[in-house]
Amino acid sequence: MDIKKHHIHNAICIPWPTTIEKILLKVLEVDCQWLILQEDEKTIGYINRSTLYKKVKEVGFKKVLSLSLEELITKPVVNNEYEILLKKNKGSILKNKFEKIESIIDWQIDQKICDHIASDKWVIKELEAIFCNFFENILITDGYGNITFATAKDDQQYLGKNVFDLERQKEFYPSVSAKVLNTGKRERGLQYTKTGEVFTIESIPIKESNGEIVRVISITKDSTEINELTETLNEVKSLLTSYQQEVIRIQQENSNKKSFVFESKKMKDIDSLVKSIAPVDTTVLILGETGVGKEVIANRIHSLSNRNGKPFVAVNCGAIPENLIESELFGFEDGSFSGARKGGKIGFFELANKGTIFLDEIGEIPVNLQVKLLRVLQEKRIKRIGGVEDIPIDMRIIAATNQNLEKKVKEKSFREDLYYRLNVVPINIPPLRERKEDIQALAFYYLQFFNEKYYKNIEIDELMLERLKKYSWPGNVRELQNIIERFVITNQDFFINFNPSSLLSNDLVLSDNRKLPGLVDFVEKAEQQILLEAKAKTKNTREMAELLGVNQSTIVRKLKKYNL
């Protein structure tokens with residue numbers, strides 16, 4: 001047997017006497033295959049890491065702690081052939097159960113290397129040649145993180161600098177060398193550079209006999225595959241951004257199809273105001289009950305402005321969970337928080353660049369986020385979550401709410417400075433019950449729209465029109481739209497005496513030649529009516545959920561389903 005072939009240095013010495021608990025803690029701390037129990041220069045025995053693992057798996061962690069060390073220790077075996085050599089070198093021969101020598105632990109390997117370097121002046125040159133030619137890069141720091149050696153030309157600019165400072169400056173991050181200096185253990189991970197490159201780094205600490213780190217050697221692994229994946233990820237991010245922009249374009253096209261229908265003097269005055277402010281990039285605050293058509297007004301301002309043709313991004317702040325609204329508005333960088341999507345994400349503000357963003361239900365914005373929104377209004381700059389650089393944004397902000405913001409300001413639930421920033425040009429849309437003249441115009445508009453959509457030819461008689469005008473419409477224009485759609489779908493013969501408020505009652509009067517509606521359609525329409533009534537009585541989706549006895553997520557999903 002050639003002793004050199006069997007020599008390993010993958011072992012650690014544990015002073016004797018010891019306990020199983022100390023051995024297990026040492027196994028967790030270091031990564032080595034052999035644990036040698038040593039009393040001064042005498043070897044008591046050795047424990048194989050794999051054997052220990054199998055024992056723990058077999059009997060369980062708690063029971064292992066109650067075992068005696070004798071059950072785990074294998075006694076050292078010294079072959080006569082190597083007895084003298086081992087005594088000289090202070091080592092141990094390890095045999096398996098078949099008495100075959102597995103390896104020899106040499107406890108003086110470090111001294112041998114030092115002796116070898118002293119006797120051979122070319123050793124250092126040989127090691128340097130290996131470092132410079134067999135790896136992409138070797139980078140060495142001292143125990144304080146100061147870079148003392150680098151083989152790559154790109155990294156030689158950092159000689160004398162500290163890895164903790166370079167990490168803060170994002171020259172390369174997260175620094176694996178810095179991590180080793182913090183943990184005291186061998187570490188491996190991905191490291192990003194300021195130019196966008198990604199490398200796999202493995203860093204190894206070199207310690208004094210007292211455990212103090214004196215050097216950290218970091219080796220750059222082959223990063224070809226990582227860079228290819230990075231390029232693919234960037235392509236996917238670009239594609240995702242284009243998809244988001246396409247969604248915005250489609251939404252804008254659909255919004256442009258929403259005609260601004262009115263007959264009342266109040267709405268004529270509002271239309272005149274819209275035409276006068278549309279060309280000017282001022283902030284607008286639209287006030288009014290749920291369903292009065294705040295988004296229609298916002299879209300009309302955009303379509304008459306110089307930003308027409310650019311994105312119109314509508315965001316319902318009340319429909320986004322409070323813990324997600326910041327990331328949805330501002331976007332985030334890769335790895336900025338737990339669960340963040342790889343590659344990061346652009347927010348609604350960036351999507352609205354050069355165009356208009358419509359922030360509906362602005363009163364639902366959390367107080368802690370209102371400060372950031374105020375900065376956007378003042379400076380037209382945003383910073384993504386986890387980002388370090390400001391991003392300039394050229395957009396017009398239109399906000400809307402059905403709440404009394406002045407009251408919220410007094411209650412300290414809405415910032416006063418933000419309120420005045422938003423309330424530059426207020427537009428107060430009256431509810432449908434206060435502009436009866438618009439009911440007929442809207443009814444005929446939606447009748448024609450849904451007749452074309454469902455290939456119908458339904459008409460409204462005078463009696464039905466009168467009942468429409470007399471109804472109070474708590475859900476405003478949106479409720480009227482849904483009632484007309486229901487009427488077109490279920491056929492005009494379904495009702496003799498049409499009364500929107502009785503749609504959910506049990507005393508509907510049906511004609512003799514009645515045509516019963518489909519059950520699914522009837523249930524869906526009833527559900528829409530309940531949602532509209534609940535929405536008219538509440539301020540947000542949370543209150544709606546409490547009123548109807550369901551989860552907020554259910555309300556949000558239903559409102560989205562019926563486009564309410």
Side-chain angles (χ1 to χ4, degrees), residues 243-244 247-248 250-252 254-255 258 285-299 302 311-332 339 341 345-352 356-370 372-373 376 385 395 397-405 408 413-414 418 422 429 474-479 481-482 524 527-564:
Y243 284 158
Q244 289 176 315
V247 168
I248 295 298
I250 293 171
Q251 289 176 340
Q252 185 173 342
N254 291 334
S255 296
K258 296 179 181 178
L285 179 62
I286 305 175
L287 306 169
E289 295 179 3
T290 298
V292 293
K294 295 189 285 292
E295 185 173 346
V296 174
I297 297 293
N299 190 271
H302 173 75
F312 176 80
V313 181
V315 183
N316 188 329
C317 302
I320 304 173
E322 190 172 321
N323 61 328
L324 293 179
I325 190 166
E326 182 177 5
S327 62
E328 290 296 316
L329 288 175
F330 291 87
F332 55 84
R341 189 175 69 193
K345 177 181 178 292
I346 65 173
F348 288 125
F349 285 135
E350 287 181 76
L351 286 173
T356 303
I357 187 165
F358 173 55
L359 300 176
D360 198 6
E361 295 193 37
I362 191 70
E364 297 298 312
I365 294 280
V367 176
N368 63 323
L369 190 56
Q370 291 175 20
K372 292 191 70 173
L373 181 57
V376 174
I385 297 175
M395 65 180 176
I397 295 179
I398 300 176
T401 183
N402 60 356
Q403 300 186 41
N404 187 334
L405 291 186
K408 288 178 72 71
S413 59
F414 200 86
L418 177 59
L422 291 171
I429 306 176
N476 291 293
V477 179
R478 189 179 289 119
E479 184 182 6
Q481 176 186 346
N482 291 336
E524 287 185 348
E527 195 170 53
Q528 290 181 50
Q529 184 68 17
I530 292 172
L531 288 169
L532 282 171
E533 291 185 9
K535 196 167 186 179
K537 295 177 181 179
T538 57
K539 296 179 180 179
N540 51 53
T541 54
R542 286 188 288 276
E543 290 185 8
M544 286 181 67
E546 291 177 5
L547 181 63
L548 298 179
V550 294
N551 295 328
Q552 184 186 11
S553 59
T554 301
I555 294 296
V556 172
R557 186 174 68 253
K558 295 289 185 182
L559 292 176
K560 185 176 181 181
K561 175 183 177 181
Y562 298 124
N563 193 29
L564 298 180

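Note that the numbering runs from 1 along the sequence shown for the chain. Every heavy atom of this structure was used, including side-chain atoms; hydrogens, water molecules and symmetry mates were not.
- In this structure, CG on L547 lies 10.0 Å from CD on E533, to the nearest 0.5 angstrom.
- In this structure, CG on L418 lies 11.5 Å from NZ on K408, to the nearest 0.5 angstrom.
- For T290, the side chain to side chain donor-acceptor pair (under 3.5 Å) partners at least two apart in sequence or on another chain are N402.
- Closest non-hydrogen pair, F358 versus A298, comes out as CD1-CB, 3.5 Å.
- Here I385 contributes atom CD1 and F330 contributes atom CZ; the two are 8.5 Å apart, rounded to the nearest 0.5 Å.
- Proximity of K372 to L329: side-chain heavy atoms (C-beta onward) are nowhere separated by under 4.5 Å.
- Using a 4.5 Å cut-off on side-chain heavy atoms (C-beta onward), Y562 and N482 make no contact.
- Contact of the L405 side chain with the I362 side chain is registered, since non-hydrogen atoms from C-beta on lie closer than 4.5 Å.
- Side-chain atoms of L422 and F414, non-hydrogen and from C-beta on, do get closer than 4.5 Å to each other.
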Determine all donor-acceptor pairs shorter than 3.5 Å in which one atom belongs to a side chain in residues 313-325; sequence neighbours excluded.
{"unit_1": "N316", "atom_1": "OD1", "unit_2": "G318", "atom_2": "N", "d": "3.0"}
{"unit_1": "N316", "atom_1": "OD1", "unit_2": "A319", "atom_2": "N", "d": "3.3"}

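- Side-chain atoms of K535 never come within 3.5 Å of backbone atoms of L559 as a donor-acceptor pair (strictly under, hydrogens ignored).
- Contact annotation: the side chain of L532 never approaches that of N476 to less than 4.5 Å [non-hydrogen atoms, C-beta and beyond].
- Residue K561 places its NZ atom among more than 12 non-hydrogen atoms of other residues, nucleotides or ligands, all under 6.0 Å distant.
- The main-chain N or O of T554 is never found under 3.5 Å from a side-chain atom of N551 such that the two would form a donor-acceptor pair.
- Distance check, rounded to the nearest 0.5 Å: OG1 of T538 to CE of M544 gives 5.0 Å.
- Ring geometry for H302 versus F312: interplanar angle of 30 to 60°, hence tilted.
- Using modelled atom types, no side-chain atom of K294 and backbone atom of D360 make a donor-acceptor pair closer than 3.5 Å.
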Test E479 against Q529 for side-chain contact (heavy atoms from CB on, under 4.5 Å), laying out the working first.
CA-CA 8 Å; E479 184 182 6; Q529 184 68 17; 3.1 Å; yes

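- Here the CD-CD1 distance, from E543 to I555, works out to 12.0 Å after rounding to the nearest 0.5 Å.
- Taken to the nearest 0.5 Å, the CD atom of E364 stands 13.0 Å off from the CG atom of L359.
- The closest side-chain heavy-atom distance from K345 to S327 is not below 4.5 Å.
- Shown here for A352 and P311, the closest heavy-atom pair between the two residues is CA-CB, 4.3 Å.
- Residues I429 and L287 are not in side-chain contact: their nearest non-hydrogen atoms beyond the backbone lie 4.5 Å or more apart.
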Using the rule given for side-chain hydrogen bond (donor to acceptor under 3.5 Å, both in side chains), can you reason through E361 versus Q403, listing the C-alpha separation, both sets of side-chain angles and the distance that settles it, and then say yes or no?
CA-CA 8 Å; E361 295 193 37; Q403 300 186 41; 5.8 Å; no

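- Looking at L373 and L369, their side chains never come closer than 4.5 Å, going by heavy atoms from C-beta outward.
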